[in-house]
Amino acid sequence: MRPAVLNGFRRVVFRGTPYPTLVPSPHGQVEGALIRPAASAVAALRRYEGACYRLIPIRVHGPRGPVLARAWVVPRRMAGERDWP
């Protein structure tokens, strides 16, 4: 696990749940972590996240510079406006 920063997004609540999601935000910045899960772990995450979440391509800034990655998000219409704690 390595630290990473995602620019251009905010972490907000998934409406009606205690869970987070990401939404585009021009001046937003989200701190997180990069992992390289095995295929079996990705399959388990897909089952856990459920049908609402989609895995989208993103570009994050990791310890060695920009990195292509993926993040779980829900459709914008399902995202709330309030920042996730």
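Keep in mind it's a predicted model, so treat the numbers as computed, not measured.
Between Arg11 and Asp83 no salt bridge is recorded (no basic side-chain N to carboxylate O distance below 4.0 Å). A salt bridge does not link Arg70 with Glu49: every distance from a Lys NZ or Arg NE/NH1/NH2 to an Asp or Glu carboxylate oxygen is 4.0 Å or more.
The side-chain heavy atoms of Arg82 and Val12, taken from C-beta on, include no pair separated by under 4.5 Å. Val5 is not listed as a side-chain neighbour of Val60, based on a closest heavy-atom distance of 4.5 Å or more. Between Leu55 and Arg46, the closest side-chain pair of non-hydrogen atoms falls below 4.5 Å. Counting heavy atoms from C-beta on, the side chains of Ser25 and Phe9 never come closer than 4.5 Å.
Scanning all heavy atoms of the two residues, the minimum distance from Ala71 to Ile58 falls at CB-CD1, 3.7 Å. Shortest non-hydrogen contact noted between Gly62 and Leu34 is CA-CD1, 4.4 Å. When all heavy atoms of Trp84 and Pro18 are compared, the pair lying nearest together is NE1-O, 2.9 Å.
By the criterion of side-chain heavy atoms lying less than 4.5 angstrom apart, applied directly or through intervening Ile, Leu, Val, Met, Phe, Trp or Tyr residues, Val42 is not grouped with Ile56; the two fall into different hydrophobic clusters. Taking hydrophobic clusters as Ile, Leu, Val, Met, Phe, Trp and Tyr residues chained together by side-chain heavy-atom distances below 4.5 Å, Tyr19 shares a cluster with Met78.
The main-chain N or O of His61 is never found under 3.5 Å from a side-chain atom of Arg64 such that the two would form a donor-acceptor pair.
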(request) Check the pair Arg10, Glu31 against salt bridge (Lys or Arg N to Asp or Glu O under 4.0 Å), reporting the backbone distance first and the verdict last. (result) CA-CA 10 Å; Arg10 287 176 44 222; Glu31 293 185 21; over 6 Å; no
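Between the CG atom in Leu68 and the CZ atom in Arg59 there is a gap of 4.5 Å [rounded to 0.5 Å].
With ring centers used as reference points, Tyr53 lies under 6.0 Å from Phe14.
For the side-chain contact (heavy atoms from CB on, under 4.5 Å) with Cys52, the qualifying choice from Thr21, Val74, Val73 is Val74, the only one to do so.
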